[in-house]
Each structure stands twice: as C-alpha cells, then as structure tokens.
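Working notes, structure below.
When reading the values below, keep in mind they use all heavy atoms of this one structure, side chains included, and skip hydrogens, waters and symmetry mates.
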Amino acid sequence: MDDPGVLTLLPEVDARRLLGDRPLVFRLLVPPYPALGVGDLRLLRLAERDGRTELCAGYDRYERLPEGPV
C-alpha cells in the first residue's frame, strides 16, 4: 500500500479486504475502564513491522460499564 493513510477510519473489515492476503497483526484499542464498543470497528493506525502489517482498530464510541464483580 503506497499511502496507508487512505485506509484510516474505514471499517476494519473493508480495510482488511483491501490489504489482501498479507500477514496481519490485529490490535484492538480499548479504554482503560470496562466498556462496550458501540458502532463500527474502524482502522485507526496501520504500520509495517517485521514483514507483517499491524492494524490498530477501535470502535466509533464506547459505553462505560459498571465496575466491580459481575
């Protein structure tokens, strides 16, 4: 991919489809508190490392969950 920035904020499944069959590492960005992801999972960052493409994705927004025992 010549300009990985064109994939930023695309839904993660669409970005992954455009990247083809290259080896991927997936990371999910989450808040530092219990939360439920809401909306689309979107590509936030793309990096090439050690022959693999690293994707970092996050949801459109997060709803905080109550803390404590379930």
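Note on V13 and L41: separate hydrophobic clusters, where clusters join Ile, Leu, Val, Met, Phe, Trp and Tyr whose side-chain heavy atoms are under 4.5 Å apart, directly or indirectly.
At a threshold of 4.0 Å, the pair E48-R52 does not count as salt-bridged, since none of the basic side-chain nitrogens sits closer than that to a carboxylate oxygen.
Distance alone, capped at 3.5 Å, places no donor-acceptor pair between the D60 side chain and the V38 backbone.
The two residues G37 and Y62 make their nearest non-hydrogen contact at CA-CD2, 3.8 Å. What you find for L44 and T8 is that their closest heavy atoms are O-CG2, 3.9 Å. Closest non-hydrogen pair, L28 versus G58, comes out as CD1-CA, 4.3 Å. Across all non-hydrogen atoms, the minimal contact from L46 to L55 is CD1-CD2, 3.0 Å. For the residue pair A15 and L43, the shortest heavy atom distance occurs at CB-CD2, 3.9 Å. Considering all non-hydrogen atoms of both residues, G51 and P23 come closest at O-CG, 4.0 Å.
Between L19 and L24, some side-chain heavy-atom pair lies under the 4.5 Å cut-off. Taking the side chain as every heavy atom from C-beta outward, F26 and E12 approach each other to under 4.5 Å.
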Next on the checklist: Quick one, R42 with Y59, criterion side chain to side chain contact (heavy atoms under 4.5 Å, CB included). Give me CA distance, side-chain angles, the key distance, then yes/no.
Outcome noted: CA-CA 6 Å; R42 296 186 181 277; Y59 284 95; over 6 Å; no
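Interatomic distance, CZ of R17 versus CG of L10, reported as 10.5 Å (0.5 Å rounding).
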